[in-house]
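Below, read A as the first sequence line, B as the second, and so on, with proteins coming before strands; counting in each chain starts at 1.
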Protein chains: 4
Amino acid sequence: MSKLEKRDEIVRAALELIAEHGFHGAPMALIAERAGVGAGTIYRYFENKDVLINEMYQELEEKIFPVITEGYGELKAFRERFLHLGTALLRYFIQNPLDFRYLEQFHNSPYGVATRRERLLGVREGCDVYFHLFEEGIAQQVLKDVPLPLLFALSFGPLLAAARDHILGFIELDDALIARTIEACWDAVKR
Amino acid sequence: MSKLEKRDEIVRAALELIAEHGFHGAPMALIAERAGVGAGTIYRYFENKDVLINEMYQELEEKIFPVITEGYGELKAFRERFLHLGTALLRYFIQNPLDFRYLEQFHNSPYGVATRRERLLGVREGCDVYFHLFEEGIAQQVLKDVPLPLLFALSFGPLLAAARDHILGFIELDDALIARTIEACWDAVKR
Amino acid sequence: MSKLEKRDEIVRAALELIAEHGFHGAPMALIAERAGVGAGTIYRYFENKDVLINEMYQELEEKIFPVITEGYGELKAFRERFLHLGTALLRYFIQNPLDFRYLEQFHNSPYGVATRRERLLGVREGCDVYFHLFEEGIAQQVLKDVPLPLLFALSFGPLLAAARDHILGFIELDDALIARTIEACWDAVKR
Amino acid sequence: MSKLEKRDEIVRAALELIAEHGFHGAPMALIAERAGVGAGTIYRYFENKDVLINEMYQELEEKIFPVITEGYGELKAFRERFLHLGTALLRYFIQNPLDFRYLEQFHNSPYGVATRRERLLGVREGCDVYFHLFEEGIAQQVLKDVPLPLLFALSFGPLLAAARDHILGFIELDDALIARTIEACWDAVKR
DNA sequence: AATGAATGAGACTTCATTCAT
DNA sequence: GATGAATGAAGTCTCATTCAT
């Protein structure tokens, strides 16, 4: 196993365990075992558990951003752009349930609190895109005239709830339902 | 302190600690201290920590239900009933931030997983009310024709996200904004 | 075992292990085992290992002071008082070799550094007695006119070295030799 | 870097770290880093950490001996010879505080115990010189008639204590004070 | 010969739970 | 019934040492 592969294995094992059992259910020894490395090895790649958890979060953000913004720049109409981002994000979560569960664990934990104070929604770069989009929407009087954070809540709230329900098996979101979900989000924020 | 008071003190102390610091930051010894009882005493009222946590959840549900359904029965129009429930729930969370934080901690933890499998949204009896309301809405073709769980996601998702942002201090939800928030939820689910 | 006895057993076990094998050779688990208590029990009496080590030091100081100052107040002549303190201290170390070894371990470790900055010699209250004695000696021109700390070095240096050699078995300090040792210390500091 | 230089760098790095932070604060990885070699490389020069520590001690002894005996052979008078050795040794410690700190760390640790059993004072070859000097002194009835080890304690005890206090900054030993210190040592041992 | 990544034993500490008082 | 001191399993992290490159 190469150095890079080892790091990846650690992150993969940690992602799995944390996504499935929470931070509590992911002791370093178990992460090491699942990654196929010694317990001490993790500390060659991450200073401590907190750093591991936070770096994993950063990496997820950086991984998600390009995926949801692919093809975004070419779109003109406001509504289309909104739908594009929402659809891409929901699709990403559905296709990467572990990533989604991890993000939820992170947000709902002391780890995520500091991060959350700075960034409203947890997908930072994507957040910036949304930020600009929403400001434009308010200016153009396309979106409801409410505080920006509320717009975030109105669009991400249902999206994340839907993703969660799909991943937990309560609903089966196919392409059609994904589209309808995002349209509902649009209904919630549009003027 | 009577037996009942003692139990209440334990629950109150646990709620405070868990809401503010998560399950991690609420060791039994600290709960006992804050409740003004001995550590062993907790185990006379709750078999173990898991039971305490789950019973607290049950109690919260039972506490919330009558609050949000007060005056509900007299309403006729579908939209009004939807708005009533949403407004009451959001108001409750804003006025009882500890309860809200606790529910969030619970949902986002292994404790909440099992519970969640059975009940879709975390407010069980309220859930039943919503359940009937939504089924009626679908039948009357007032609501979007999507799976029931998705309707839940579309209405509770934004509501909970808004409550969270208010409690964390990102927005200040006054009566006007509360109304607009719930109306946005309505926009999301209405046909 | 009563609460006080338990604390004493912990201190006794720690003293033994640290005196014989240094801080390194005294893991908390071993201290607990030798004290006949559970590993976690130590933490009910001492916040952590550092606190244990420092409190033990404090206690030793407080234990030694009354012993070496017993009968001290009645003495008049300067030389007699010096000899009294020195003899009593050396006797104490010889009779309590574990205490002596512990003090040496403590002084020669990061633990002792901070303490040492404040107090020159490690026997604080005894130190005060010595402090006054030495200042008087300088004022009366009985002692060599050198900086106070050097006087301490000249009297405690040989005393501690002799105690160490006795405890390690290199010499056998009987009453006669103890007397001659302390007289030699006197020769070193007297004008 | 040649083989010899590499070894020297390792010893130098270890000396620095151990003198300043004790054996605790000198992990092999850090020694290697400061020496500019790989961690594994140390083990090509020293079987393990214990061996490194003990060999360093040997080397220090061998380094100190010629320094303190320089010009010693030409002296005739007993007192002069005693003062010469003491002054040279104290000077050496003051000019090489790392060496001094290392020796103290070594003596006050399990590492030093075994060594100490064999040699009385820690400066082996110098020890021999002292050994002969002291035996001569006893025979000539110039020194106090006490066991040899006690003579060592009486002369090295204050010397080392003074050196320590100087290095820790409690006193400032200039040439005059060095002379007076050694004379005080002489007072302690002379008949 | 040199490296330094990997290892895992072992250190300190926390905390849910028990049980003698 | 209530207590809270005691417990020890389990968690995080360090570091001397090895070994494939």
A.B. asks: Specify the separation, in whole Å, of atom CD of B:Glu5 and atom P of F:dG1.
C.D. replies: 17 Å

A.B. asks: Please report, rounded to the nearest Å, how far the C1' atom of E:dG8 is from the CG atom of A:Leu30.
C.D. replies: 16 Å

A.B. asks: Tell me, with the steps shown, if A:Leu52 and A:Tyr45 meet side-chain contact (heavy atoms from CB on, under 4.5 Å).
C.D. replies: CA-CA 8 Å; A:Leu52 166 63; A:Tyr45 294 91; over 6 Å; no

A.B. asks: Counting any heavy atom closer than 4.0 Å, what does D:Phe46 reach on the DNA or RNA strands: base, sugar-phosphate only, or nothing?
C.D. replies: nothing

A.B. asks: Which nucleotide in the set F:dT17, F:dC13, E:dT13 lies at the smallest distance from any side-chain heavy atom of A:Lys49?
C.D. replies: F:dC13

A.B. asks: Examine the side chains of C:Tyr57 and C:His107 and answer whether a donor and an acceptor come within less than 3.5 Å of each other.
C.D. replies: yes

A.B. asks: By nearest heavy atom, map B:Gly40 and C:Val37 onto DNA chain F; which one lands nearer the 5' end?
C.D. replies: B:Gly40

A.B. asks: Could you pull out the closest heavy-atom pair between B:Arg34 and B:Ala13, with the gap in Å?
C.D. replies: CB-CB, 3.7 Å

A.B. asks: For the pair made of CG in D:Leu52 and C1' in F:dT17, what is the distance, rounded to whole Å?
C.D. replies: 14 Å

A.B. asks: Output the residues of residues 17-29 of chain D in contact with DNA chain E, where contact means a heavy atom of the residue under 4.0 Å from an atom of the strand; sort by number or write none.
C.D. replies: none

A.B. asks: Taking A:Asn48 for its side chain and A:Asp50 for its backbone only, find out whether a donor-acceptor pair lies under 3.5 Å.
C.D. replies: yes

A.B. asks: Measure from the side chain of D:Asn48, starting at C-beta and using heavy atoms only, and say which of F:dG4, F:dT17, E:dT3 lies closest.
C.D. replies: F:dT17

A.B. asks: Between A:Lys6 and E:dA5, is there a contact of a side-chain N or O with OP1 or OP2 at under 4.0 Å?
C.D. replies: no

A.B. asks: Among F:dT7, E:dA6, E:dT14, which nucleotide has an atom closest to any side-chain atom of C:Tyr43?
C.D. replies: E:dT14

A.B. asks: Pick the closest DNA chain F nucleotide for B:Gly38 and for C:Gly36 by heavy atoms, then say which residue is nearer the 5' end.
C.D. replies: B:Gly38

A.B. asks: Round to a whole Å and report the spacing from CZ of A:Arg44 to C1' of F:dC15.
C.D. replies: 11 Å

A.B. asks: Does a nitrogen or oxygen in the side chain of C:Tyr45 sit under 4.0 Å from OP1 or OP2 of F:dA6?
C.D. replies: yes

A.B. asks: If you define the side chain from C-beta out and look only at heavy atoms, does anything of D:Phe106 sit under 4.5 Å from D:Asn54?
C.D. replies: yes

A.B. asks: Would you please test C:Tyr43 and C:Glu47 for side chain to side chain donor-acceptor pair (under 3.5 Å) and show each step?
C.D. replies: CA-CA 5 Å; C:Tyr43 292 85; C:Glu47 199 184 333; over 6 Å; no

A.B. asks: Could you give the CG-to-P distance, from C:Asp50 to E:dT13, as a whole number of Å?
C.D. replies: 7 Å

A.B. asks: Can you check the B:Ile31 CD1 to E:dA16 P distance for me, whole Å?
C.D. replies: 7 Å

A.B. asks: Dot-bracket for DNA chain F, 5' to 3', counting Watson-Crick or G-U wobble pairs under 3.5 Å, with [ ] for crossing pairs and | for inter-strand pairs?
C.D. replies: .||||||||||||||||||||

A.B. asks: With respect to C:Arg101, which candidate in C:Ile18, C:Ile167, C:Leu15 satisfies the side chain to side chain contact (heavy atoms under 4.5 Å, CB included) definition?
C.D. replies: C:Ile167

A.B. asks: What I want to find out is whether A:Arg12 reaches A:Glu5 closely enough, with some N-O distance under 4.0 Å, to be called a salt bridge.
C.D. replies: no

A.B. asks: Let me know which of B:Glu55, B:Lys6, B:Met56 forms a side chain to side chain contact (heavy atoms under 4.5 Å, CB included) with B:Val11.
C.D. replies: B:Met56

A.B. asks: Expressed in angstrom and rounded to an integer, what is the separation of B:Arg34 atom CZ from F:dG4 atom P?
C.D. replies: 18 Å

A.B. asks: Just by distance, do the side chain of C:Tyr102 and the backbone of C:Ile53 share a donor-acceptor pair under 3.5 Å?
C.D. replies: yes

A.B. asks: Can you tell me how far P of E:dA16 sits from CD1 of B:Ile10, to the nearest Å?
C.D. replies: 14 Å

